[in-house]
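The next block holds one structure in the form of structure tokens; read it before the comments.
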Number of protein chains: 2
Amino acid sequence: MNRSDAERLLAAAEALYYARGINGVGIDEVRSAAGVSLKRLYQLYPSKEHLVAAYLDARDQRWRGRLADHVAHSGGSPRDQLLAVFDWLGLWFAEPDFRGCAFINAFGEVGGSAPLVLAAVRRHKELFRDYLIGLARGLDGPDPVGVAEQLLLLAEGAMTAAAVLPEPRAAQQARRAAAALLAAAA
Amino acid sequence: MNRSDAERLLAAAEALYYARGINGVGIDEVRSAAGVSLKRLYQLYPSKEHLVAAYLDARDQRWRGRLADHVAHSGGSPRDQLLAVFDWLGLWFAEPDFRGCAFINAFGEVGGSAPLVLAAVRRHKELFRDYLIGLARGLDGPDPVGVAEQLLLLAEGAMTAAAVLPEPRAAQQARRAAAALLAAAA
DNA sequence: TAGCGTAGAGAACGTACGTTCTCGGCGGGG
DNA sequence: CCCCGCCGAGAACGTACGTTCTCTACGCTA
């Protein structure tokens, strides 16, 4: 069955923007990759900023879905699930087309001058944070929000380290740090 | 006394590029802010990418210098010095013109297609890492490199969190996590 | 003082891109 | 069968910008 114009646009936008950056890909390239007319594109997204924000929202859903799937299927205690987050990060970092966190990249690229994009980045980071808080609540420790926020910092740091530095040691190092923090919080 | 053309260019480049992004500022604006002719600029830096890489190197030196100053003047044990790193991050995040880590931003903006910029970003992160390793060696723990790398992840995570999210809680949270990691590593 | 190299100011060029406009064809309703 | 509105294709427009070229004026040397 045929996906809708919007779906094809978002799929093309995700592939192109993530691989080559937002400023590195023109509207017309997304349009032609999706097989959608320019007129239709501007009907759906009245400016590039709208398209980019929609791409980020779509990627947010896919990304958190993949993470949650991995964590859920890894079973185990809340502690094991929180550690499984870092295992999944390691798998993600090792993918051949990994290019860092799309949201951090987007923030660096246009965050200062694109309110819709900034809002999408914030949404994503807050949803990721909320997800970690939800897992941490299962720990029955005294401060699940604090633990989750500390693990969030580790995860974000691992993403940027993995993006910038060639060696993919970041996820393992983050996992070890997470285990130590979880032990300390018990 | 008059600073050299190169110094004025780098100062102007740092102010403009950090505030508004690399793609958001044209060569001519840097040139005119520095009061240097276009010809002279191209003598010193044969392309924008060279100028940007030089700006990043200059910022790297200033940034690490400020950090090292704060840490050195805060005295204390190696452990206290490592924690002072996060205190300084908190001060930095609170500055009114704070806009995240210039290097992470630059990576997101042009990292994929500007080898000189990518190299400058890597250099900076490695020098920061080496600085933390130097401090961690004073701990006499079993694995100073591992500890330093875990603290590096926390610091990077705090930088991105502070940049993206409005509330500046990141530095304190990172400091608490760092204290827990240091306690666990002893 | 005459000539020359150099440097600055800024025009010019090529390109890329976001956005809008125009044209031509196709389909559906009378 | 004819007309009308819509849609896709792509030309066009305005702008921004990296880079190069041109012209002019100044200062140094013989």
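Chain A is the first sequence line, chain B the second, and so forth, proteins listed ahead of strands; every chain is numbered from 1. What you see below is based on every heavy atom in this structure, not just the backbone, and it leaves out hydrogens, waters and symmetry mates. Computed from a predicted structure; not experimentally measured.
What separates OH of B:Y42 from C1' of C:dA12 is a distance of 14 Å, to the nearest Å. Atom CG of B:D28 is separated from atom P of D:dA16 by 13 Å (rounded to the nearest Å). Put simply, CD1 on B:I27 is 20 Å from P on C:dC13, counting in whole angstrom units. A straight line from CZ of B:R40 to P of D:dT19 spans 18 Å, rounded to a whole angstrom. The CZ atom of B:R31 sits 7 Å away from the P atom of C:dA9 (whole-angstrom rounding). Computed from coordinates, the B:K39 NZ to D:dT20 P distance equals 12 Å when rounded to whole Å. Atom CG of A:L9 and atom P of D:dG8 are 11 Å apart (whole Å). One interatomic measurement links the two molecules: CG of A:D5 to C1' of D:dA9, which rounds to 15 Å at whole-angstrom precision.
Comparing A:L38 and B:V36 by the nucleotide of DNA chain C that holds the closest heavy atom to each, the one mapping nearer the 5' end is B:V36.
Checking C:dA9, C:dT19, D:dT19 against every side-chain atom of B:S37, the shortest atom distance belongs to C:dA9.
When all heavy atoms of B:L51 and B:Y17 are compared, the pair lying nearest together is CD2-OH, 3.7 Å.
Of the N and O atoms on the side chains of A:Q43 and A:R40, at least one donor lies less than 3.5 Å from an acceptor on the other residue.
Contacts of residues 44-57 of chain A with DNA chain C (heavy atom under 4.0 Å): A:S47, A:K48.
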Quiz prompt | Verdict with reasoning, A:R175 to A:Q172, per side-chain hydrogen bond (donor to acceptor under 3.5 Å, both in side chains) | solution = CA-CA 5 Å; A:R175 191 192 197 278; A:Q172 301 158 45; over 6 Å; no

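Geometrically, B:R99 does not engage B:Y18 in a cation-pi contact, judged by NZ or CZ lying under 6.0 Å from the ring centre and within 45° of the ring axis.
Ring planes of B:H124 and B:F103: parallel class, angle under 30° (limits at 30 and 60°).
Salt-bridge annotation for A:D5 and A:R8: present, with a side-chain N of the basic residue lying under 4.0 Å from a carboxylate O of the acidic one.
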